[in-house]
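Here is the structure we will look at.
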Amino acid sequence: MKEKIIAYLSGPRPYREGIALYEEYGLNLMLKATFRRNTETELLRATLMEELRKLAGLSETAFRTMQRKAADSPHISSAFIGAVGEINAEETIVNVPVTPVVENVIRFRDRFPFLNSPDCPDVLKILVADMFTAYDLYLKTFRELGELPDDAELEQAFGIAKTTVENYLEDRSIWEELEYYRDNHVLLGKHPRVAASLASDELSNKSDLEVMNIRKNAASNVSKWKKKLETVEGEEERAKALAAVDKWESMKSAAEKELENRKKKLIFRKGTLEDGINGLLLKMERFSHPCDRGEFAHLLSAKKCELADLEECLNRLSYE
């Protein structure tokens, strides 16, 4: 049995062949029924691969790093965070290469030295913490999934499996961002947070009117794609609609954040100007010489003009 499953996992892993293997050797009747009744999805494929891994007696590390005879399936990456080691499966030695976060061999920050640099983008430092959280949740929910009885409610199993896969994909998405930045010294931008950070940098170079138009356009597209979600059919089309909603919500959020930051700077500047104007008024009361008063009046006029322009900008940014 193990040799047969390992041979399957070492190849291109056709989904239907995997279901046939689980039908033959699997023990969870609920999962068998789920695989039979539903079309292939990312969630079901991930669950099937994990069940076959356990049946084959492979450790998580060996499964994540095993040699494949064909390109990886587009549905799930074969790599995942784990430890370095070797396993012996039916007298077959699998040499495991160095993988992410090898706690007992190398330090994580040694693999990504740019994280120690003051030039490292803040968004990547934040994502590192998110990555470890996602990995911990993946381990926790995966154990819970394996401990479910055969007669557990399908809705309960689906909820746990969904959380497991979501955290798996979150971890891999962040890892991809870190590797890309390490190798190319620029942000990749596939992860929503990184995409939002890049969008924010781009927005900072645009005029107030351009940013406001971007926010308006993004809000319109969010509404449009959310309506499509209510009527869309099929997993592929639904995934496409969800991705569009995420994209435009990120753009809308970035534009709103940029506008809010500009407002805060203008408000701070407004307070400074108002204090300066009040100070000049007090000086004009104390000095009676025409030359002094004339100089103060000139400065006061300039500051009042600047304040008027600033208030106009504030009003424009606040206009919905």
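Every heavy atom of this structure was used, including side-chain atoms; hydrogens, water molecules and symmetry mates were not. Numbering of residues begins at 1 and proceeds along the displayed sequence.
In terms of heavy-atom proximity, Leu314 sits nearest to Lys270 at CD1-CD, 4.2 Å. Closest approach of Val211 to Ala255, counting heavy atoms only: CG1-O, 3.8 Å. Here the shortest heavy-atom pairing between Gly189 and Ala195 reads O-CB, 3.4 Å. Minimum interatomic distance between Phe112 and Arg182 (heavy atoms only, all atoms of both residues): CE2-NH1, 3.7 Å. Leu259 approaches Asp208 most closely through the heavy-atom pair CD2-O, 4.4 Å. Between Met251 and Ala218, the shortest heavy-atom distance links the atoms CG-CB, 4.0 Å.
Taking CD of Glu50 as the reference point, atom CG of Leu52 lies at 9.5 Å (rounded to 0.5 Å). With rounding to the nearest 0.5 angstrom, the OG1 atom of Thr141 is 11.5 Å from the NZ atom of Lys162. Note that NZ of Lys190 is 8.5 Å distant from OG of Ser173, once rounded to the nearest 0.5 Å. Taking SG from Cys305 and CG from Leu273, the interatomic distance works out to 11.0 Å, rounded to the nearest 0.5 Å. Lys247 NZ to Trp225 CH2: the interatomic distance, rounded to the nearest 0.5 Å, is 9.0 Å. The CD1 atom of Ile277 sits 12.5 Å away from the CG atom of Leu282 when rounded to the nearest 0.5 Å.
A side-chain donor-acceptor contact under 3.5 Å links Ser250 to the backbone of Asp246. With hydrogens and angles disregarded, no donor-acceptor distance shorter than 3.5 Å links the side chain of Ser301 to the backbone of His298. Using a distance-only test at 3.5 Å, with no hydrogens or angles considered, a donor-acceptor pair links the side chain of Ser10 to the main chain of Ile6. Checking side-chain atoms of Thr164 against main-chain N and O of Ile160 turns up a donor-acceptor pair under 3.5 Å. A donor-acceptor pair under 3.5 Å is formed between the side chain of Thr133 and the backbone N or O of Ala129.
With a 4.5 Å cut-off on side-chain heavy atoms, Thr163 and Leu137 do not count as touching. The shortest distance between side-chain heavy atoms of Tyr22 and Leu55 falls below 4.5 Å. Side-chain contact between Asp130 and Asp171 is absent, with no heavy-atom pair separated by less than 4.5 Å. Using a 4.5 Å cut-off on side-chain heavy atoms (C-beta onward), Tyr181 and Pro121 make contact. The shortest side-chain heavy-atom distance between Phe142 and Asn167 does not fall under the 4.5 Å cut-off. By the 4.5 Å heavy-atom criterion applied to side chains, Ile174 and Val128 are not counted as neighbours. Considering only heavy atoms from C-beta on, Asn213 stays 4.5 Å or farther from Glu210 through its side chain. Looking at heavy atoms from C-beta onward, Cys313 lies in side-chain contact with Leu266 at the 4.5 angstrom threshold.
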Check your understanding: Do Tyr8 and Met49 pass the side chain to side chain contact (heavy atoms under 4.5 Å, CB included) test, and can you show the C-alpha distance, the side-chain angles, and the key distance before you say yes or no?
Key -> CA-CA 10 Å; Tyr8 166 79; Met49 294 303 116; 3.4 Å; yes
Check your understanding: Do Glu170 and Met131 pass the side chain to side chain contact (heavy atoms under 4.5 Å, CB included) test, and can you show the C-alpha distance, the side-chain angles, and the key distance before you say yes or no?
Key -> CA-CA 7 Å; Glu170 172 72 359; Met131 184 180 72; over 6 Å; no
Exercise for review: Step by step, work out the side chain to side chain donor-acceptor pair (under 3.5 Å) result for His191 and Glu176.
Suggested key: CA-CA 9 Å; His191 191 281; Glu176 186 179 10; over 6 Å; no
Point to revise | Audit row: Glu24, Met1, side chain to side chain contact (heavy atoms under 4.5 Å, CB included) steps and yes/no | key: CA-CA 9 Å; Glu24 185 176 357; Met1 175 189 77; over 6 Å; no
Check your understanding: Step by step, would you call His185 with Phe114 a side chain to side chain contact (heavy atoms under 4.5 Å, CB included)?
Key -> CA-CA 9 Å; His185 308 293; Phe114 62 83; over 6 Å; no
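Using a 4.0 Å cut-off between charged nitrogen and carboxylate oxygen, Lys264 and Glu260 do not count as a salt-bridge pair. Electrostatic pairing of Glu237 and Lys228 does not count as a salt bridge here, judged by no charged N lying under 4.0 Å from a carboxylate O. Salt bridge absent: Glu236 and Lys240 never bring a charged side-chain N and a carboxylate O closer than 4.0 Å. One finds a salt bridge joining Lys54 and Glu51 here, because a Lys/Arg side-chain nitrogen approaches an Asp/Glu carboxylate oxygen to under 4.0 Å. Contact check on Arg193 versus Glu177 returns no salt bridge, with no Lys/Arg side-chain nitrogen under 4.0 Å from an Asp/Glu carboxylate oxygen.
Few gaps surround NZ on Lys125; more than 12 heavy atoms of other groups in view lie less than 6.0 Å from it. Residue-environment remark: NZ (Lys226) stays at or below the threshold of 12 foreign heavy atoms within 6.0 Å. Within a 6.0 Å sphere centred on NZ of Lys303, other residues, nucleotides and ligands contribute more than 12 heavy atoms.
Aromatic ring centres of Tyr135 and Trp175 lie farther apart than the 6.0 Å criterion allows.
Note on Trp248 and Leu242: same hydrophobic cluster, where clusters join Ile, Leu, Val, Met, Phe, Trp and Tyr whose side-chain heavy atoms are under 4.5 Å apart, directly or indirectly. A single hydrophobic cluster is seen to contain both Phe158 and Val165, as judged by linkage of ILVMFWY side chains at heavy-atom distances under 4.5 Å, directly or through other members. Under the 4.5 Å side-chain heavy-atom criterion for grouping Ile, Leu, Val, Met, Phe, Trp and Tyr, Leu281 is connected to Leu307 within one hydrophobic cluster.
Residues satisfying the side chain to side chain contact (heavy atoms under 4.5 Å, CB included) test with Tyr180, not counting sequence neighbours, are Asn184, Val186, Leu188.
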